[in-house]
Amino acid sequence: MNRKTFYITTPIYYPSGKLHIGHSYTTVAADAMARYKRLQGYDVMFLTGTDEHGQKIQRVAAENGVTPKQYVDRIVSGIKDLWRMMKISCDKFIRTTDDEHVACVQKIFKVLYDKGDIYKSEYEGWYCTPCESFWTETQLVNGMCPDCGRPVERTREESYFFRLSKYQDRLIKHIEENPDFIQPVSRRNEMLNNFLRPGLEDLCVSRTSFDWGIPVTFDEKHVVYVWIDALSNYISALGYLSDNDEAFRRYWPADVHLVGKEIVRFHTIIWPAMLMALDLPLPKQVFGHGWLVLEGGKMSKSKGNVVDPVILIEKYGLDAIRYFLLREVPFGADGVFSNEALISRINSDLANDLGNLVSRTVAMIKKYFDGLLPGQGEEGEFDSELKKELLGLKHRTEELLDNLQFSLALTEIWKAISRTNKYIDETVPWVLAKDESKKDRLAGVLYNLAESIRIVSILLQPFMPETPVKIWDQLSIGTDETGWETAGQWGVYKPKPVRQGEIIFPRIDMEKELESLSSAAPNPGKDGSAEKDEKKQKSQDAEGPASGDIRQISIEDFAKLDLRVAKVIAAERVEKSDKLLKLKLQVGAEERQVVSGIAEYYSPEEITGKTLILVANLKPARIRGIESQGMILAAADEAGGRLTLVTVDGDMPSGAKVS
Ligand code: MSP
């Protein structure tokens with residue numbers, strides 16, 4: 001086997017709770033890259049996994065009343081399920097609790113100790129007893145624990161240290177001489193100027209204050225510092241220092257470690273210094289991508305504003321989500337996730353541009369040729385321009401993907417899709433169809449459309465594992481017509497009977513969807529509670545009312561609703577929405593803002609001054625980015641298409657309780 005190899009890794013994830021869409025971002029990107037390289041014929045090793053040791057995991061497990069191992073086993077199986085669902089094509093999933101990994105880390109620690117690069121000393125710093133955490137002087141906030149704000153004590157702990165300082169000059173030299181080592185460039189400058197040039201201190205690499213970690217073999221009260229443990233996964237997974245290190249010899253050094261920007265420091269300073277100390281070559285590249293944030297801040301489990309990838313995939317399909325992640329944000333920069341942006345990408349790029357192109361082409365082949373094109377047909381005006389655009393696409397996509405520019409690569413592919421759609425407008429096949437003498441030209445036009453779609457579908461494979469197959473099925477494109485290389489060739493498609501299948505990407509009603517998303521969005525709490533909420537929700541849905549039944553609730557259930565009389569003091573239309581009004585309500589002494597889908601029935605002028613009923617204790621939701629603090633009641637006659645607001649008889653003061 002002399003195939004060229006390609007080794008790509010993601011960070012290994014902390015199983016301290018459910019993964020959110022931000023975590024999926026790195027893994028989907030790595031997966032796209034791995035698929036791309038496989039399609040090009042590389043022998044690929046794609047590694048991902050979980051980082052399971054450390055005090056944080058030990059504490060969370062204790063809070064859940066289970067052992068750390070029981071705790072991580074449960075969460076890790078959920079993470080694996082998610083990757084399966086997202087069709088992550090990893091070649092290996094490593095857990096830092098795997099025996100092979102543990103043995104490897106222990107050997108690495110010993111080798112470095114024997115060499116004198118790890119030595120025993122004392123760690124001096126500040127200790128927060130309730131948190132069991134050490135802090136340096138600079139980490140304290142007003143002299144107190146930065147986590148809990150309580151007083152800290154000056155402490156010393158016996159620890160092992162890694163001679164990081166020894167490697168400072170070699171590291172600077174390596175980074176300066178290898179401009180591709182840290183990408184994007186901004187992260188490279190940050191590492192050099194903020195960390196390396198000011199000087200490195202030796203690193204404390206063992207702990208004695210907790211025991212959920214890999215024990216130091218020659219001093220068992222110490223466990224190895226989590227980052228030394230975690231970073232080693234990139235070589236332990238390949239069998240480094242084991243009896244079978246064939247994979248290590250084959251794949252190391254890695255071609256690229258994909259990491260989030262906040263952990264670039266560990267990957268470009270500690271990790272290469274460890275490798276230098278082990279006399280191993282350094283990875284060719286560490287790419288620090290940006291964060292996917294929500295409007296209003298970083299996704300965070302503790303803030304409860306995470307977005308659940310499972311829900312999104314169930315709603316919109318895997319390929320739509322993968323497309324959004326890779327298209328929306330230039331890889332390297334931070335990007336904002338919003339339901340609105342997601343739906344508009346689905347509607348415009350997937351349903352409109354790609355989906356319509358495929359369904360129109362198949363429909364025309366059916367209509368004008370009874371489903372089977374006679375051949376390549378006659379050439380004509382506009383063909384050469386289309387061919388030129390499509391034939392250059394493979395090369396342009398590859399160049400961008402080789403630099404991990406997923407978003408730009410997709411932009412190029414979509415330019416070609418738009419070009420193909422424009423070709424339909426230029427050649428107007430339905431006009432050709434009216435003239436029997438133009439039949440062969442019509443066949444030529446439809447063949448060119450099918451051939452363009454074939455090329456696009458091949459190049460979409462790294463990003464979308466499901467859609468290309470659906471397209472091939474509809475156009476009856478055979479496996480011998482979908483090789484990666486054939487994306488650079490014209491005339492490969494051999495017409496066979498087409499099949500009009502399901503719509504690949506159905507259009508979504510943006511307004512309805514946003515409303516249902518904001519009211520259905522679970523509010524994930526800590527450590528998997530979103531999962532529980534979701535399960536609860538599902539089991540409720542499954543239980544549901546038996547058909548014909550009216551679901552009954554108890555008086556206690558009804559009493560949970562806080563219904564109040566509210567007066568509309570101002571109203572305005574929500575921008576770019578035909579259905580939504582933003583209302584300002586007076587509820588006793590309080591003012592509330594509510595977004596309501598009544599704009600088709602009431603104008604702002606009509607509704608202002610009305611006295612309504614507000615569900616006052618509904619969890620606030622964001623509709624079109626606007627906070628809605630409750631819901632007003634209305635009666636809807638769906639068959640008649642009418643809706644009227646529930647108002648209050650007589651003169652009741654706002655804030656009065658409704659029961
Ligand atoms: N366990 C360490 C990595 C050790 S690698 C030897 C870790 N784990 S993590 O679970 O906290 O994060 C894993 C990765 O997910 C990181 O690269 C992090 O940047 C990424 N992301 C977490 N939230 C993210 C977003 N909201 N957006 C994009 N990436 C995000 O760090």
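Order of appearance sets the numbers: ligands from 1, and atoms from 1 within every ligand. Side chains are part of it too, since the values below use all heavy atoms of this structure and drop only hydrogens, waters and symmetry mates.
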Novice: Return yes or no for this condition: an N or O of Glu262 is under 3.5 Å from an N or O of ligand 1.
Specialist: yes
Novice: Quick one: salt bridge (Lys or Arg N to Asp or Glu O under 4.0 Å) partners of Arg163, sequence neighbours excluded?
Specialist: none
Novice: Considering only distance and modelled atom types, tabulate donor-acceptor pairs under 3.5 Å from the side chains of residues 75-84, sequence neighbours left out.
Specialist:
unit_1, atom_1, unit_2, atom_2, d
Ser77, OG, Arg74, O, 3.4
Asp81, OD1, Arg84, NH2, 2.8

Novice: Looking only at distances, can you tell me whether any N or O atom of His267, backbone or side chain, sits closer than 3.5 Å to an N or O atom of ligand 1?
Specialist: no
Novice: Looking at ligand 1, is there an atom of it that comes within less than 4.0 Å of some heavy atom belonging to Trp227?
Specialist: yes
Novice: Is Tyr14 touching ligand 1 with its side chain, its backbone, both, or neither, if touching means heavy atoms under 4.0 Å apart?
Specialist: both
Novice: Counting only heavy atoms closer than 4.0 Å, does ligand 1 sit against the backbone of Asp51, its side chain, both, or neither?
Specialist: side chain
Novice: Could you establish whether Trp271 and ligand 1 come within less than 4.0 Å of each other, counting only heavy atoms on the residue side?
Specialist: no
Novice: How far does OH of Tyr71 sit from CZ of Arg59, to the nearest 0.5 angstrom?
Specialist: 13.0 Å
Novice: From atom 25 (C) of ligand 1, work out which of Gly54, Gly22, Gly290, Ala230 has a heavy atom at the shortest distance.
Specialist: Gly22
Novice: Decide whether an N or O pair under 3.5 Å exists between Val259 and ligand 1.
Specialist: no
Novice: Has the side chain of Ser206 got a donor or acceptor atom that lies under 3.5 Å from a matching backbone atom of Tyr160?
Specialist: yes
Novice: Taking atom types as modelled, is there a side-chain donor on Glu52 or Thr50 under 3.5 Å from an acceptor on the other?
Specialist: yes
Novice: Mind checking whether Phe162 and Tyr225 have ring centres under 6.0 Å apart?
Specialist: no
Novice: N/O of Ile263 under 3.5 Å from N/O of ligand 1, yes or no?
Specialist: no
